[in-house]
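To start, the structure itself, in structure tokens.
Quantities reported herein were computed from a predicted structural model and do not represent experimental measurements. FYI, side chains are in, hydrogens and waters are out, and symmetry mates aren't considered; it's all heavy atoms of this structure.
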Amino acid sequence: MNNREHLSTSVFLAPYLILFSMFIIIPVVVAVGLSFTYFNTIEFPSFIGLSNYVNIITQDNTFMQFVLPNTLIFSLIVGPGGYIMAFLLAWMLAQISKGPRTILALILFSPSMTAGVAMGVVWKIIFSGDQTGYLNNLLISMGFITEPIQFLQSPEYLMIIMILVTLWGSMGVGFLAMLSGVLNIDKEIYEAAYIDGIRNRFQEIIYITIPSMKPQMLFGAVMAVVTTFQAGSIGVELSGQNPTPQNAGQLIVNHLEDFGFIRYEMGYAAALSVLLLLFIYGFSRVAMKLFAEKD
């Protein structure tokens with residue numbers, strides 16, 4: 001490759017490299033650096049070593065008692081649950097004709113394009129804690145309850161509602177990638193498999209469909225991990241406060257925003273963001289181990 005080809009390659013890559021550096025590499029490096037400091041946004045950051053990380057583990061009772069368990073429960077239900085739902089819905093849509101498939105795919109995909117705030121407004125009407133709330137009104141009219149339930153302020157219900165709302169809006173680009181993967185599998189492979197002994201649709205999915213679309217499965221898994229760990233705004237929007245009532249819906253993202261944008265303890269918030277990044281990286285590595293193509 002001569003110098004001219006090197007130059008042309010560099011020119012085409014430059015916009016991507018510049019934007020990637022500005023919005024990914026530099027913010028991550030700055031966050032890691034700030035996580036070792038005390039920074040209140042007014043004074044210059046002062047280096048304190050690992051104190052923020054030590055405080056998270058040993059002094060932050062809210063993090064250890066509520067935030068970490070809530071995040072793990074939420075991610076282990078919403079992540080795999082949304083991922084399995086996306087695959088099953090993509091597979092079912094692939095079995096019908098193009099017209100209805102396109103309409104249903106748009107219907108399923110559209111909630112993921114809606115901002116979390118807008119989603120929260122819709123669901124707040126449904127779970128409103130007075131008689132005008134759709135669910136309360138329905139339960140009272142059917143005689144199941146005699147007075148409205150404060151769904152969004154109750155620790156008993158808030159996490160469940162957060163999980164339901166997030167699953168409802170989880171059919172995003174990962175779902176579309178899986179649908180594309182299922183539709184692009186050569187039909188002759190299925191015919192050959194049935195000749196070789198496959199007897200039902202379950203075996204077809206396990207032995208043909210999933211192995212034939214591992215790149216799409218991997219992409220969907222990584223997207224599920226990232227969106228799950230970032231889905232913190234819905235709990236604050238539904239309950240109307242941060243921290244959420246009795247920390248029932250408090251996730252790492254909410255805890256980070258609490259310290260960073262309410263208390264202005266940016267160094268501590270940066271340490272929380274680094275832990276969140278490590279969580280996402282760890283779960284993404286697991287997904288890559290499961291679905292990456294083996295040489």
By ring-ring contact (aromatic ring centres under 6.0 Å, His included), which residues pair with Y264, not counting sequence neighbours?
none
Which pairs, with at least one residue in residues 175-184 and sequence neighbours excluded, count as a side-chain hydrogen bond (donor to acceptor under 3.5 Å, both in side chains)?
S180-N184
Return a table of donor-acceptor pairs under 3.5 angstrom between the side chains of residues 267-277 and protein atoms on other chains or two or more places apart.
from, atom 1, to, atom 2, distance (Å)
Y268, OH, D60, OD2, 2.7
S273, OG, A270, O, 2.5

List for me each residue that meets side-chain hydrogen bond (donor to acceptor under 3.5 Å, both in side chains) alongside Q59, sequence neighbours excluded, and say none if there are none.
none
Quick note, side-chain hydrogen bond (donor to acceptor under 3.5 Å, both in side chains) partners involving residues 89-100, not counting sequence neighbours, are Q95-R201
Is there any ring pair (Phe, Tyr, Trp, His ring centres under 6.0 Å) pair reaching into residues 13-34, and which pairs are they, with sequence neighbours excluded?
Y16-F20
May I ask you to list the residues sharing a hydrophobic cluster with Y38, side-chain cutoff 4.5 Å, ordered by chain and number?
I48
Quick one: side-chain hydrogen bond (donor to acceptor under 3.5 Å, both in side chains) pairs with a partner in residues 149-161, sequence neighbours left out?
Q153-Q241
Going by chain and number, the hydrophobic cluster around I57 (ILVMFWY, side chain to side chain under 4.5 Å) further includes none
Partners meeting side-chain hydrogen bond (donor to acceptor under 3.5 Å, both in side chains) with T71 (sequence neighbours left out):
none
So does S51 get a backbone contact from the side chain of N55, meaning a donor-acceptor N/O pair under 3.5 Å?
yes
Looking only at side-chain N and O atoms, does E147 offer a donor or acceptor that is under 3.5 Å from a partner on N136?
no
For the backbone of V67 and the side chain of N247, can you confirm whether one donor and one acceptor N or O come within less than 3.5 Å of each other?
no
Check side chain to side chain contact (heavy atoms under 4.5 Å, CB included) between F44 and all other residues, then give those that pass, not counting sequence neighbours.
none
Residues in ring-ring contact (aromatic ring centres under 6.0 Å, His included) contact with F219, at least two apart in sequence or another chain:
none
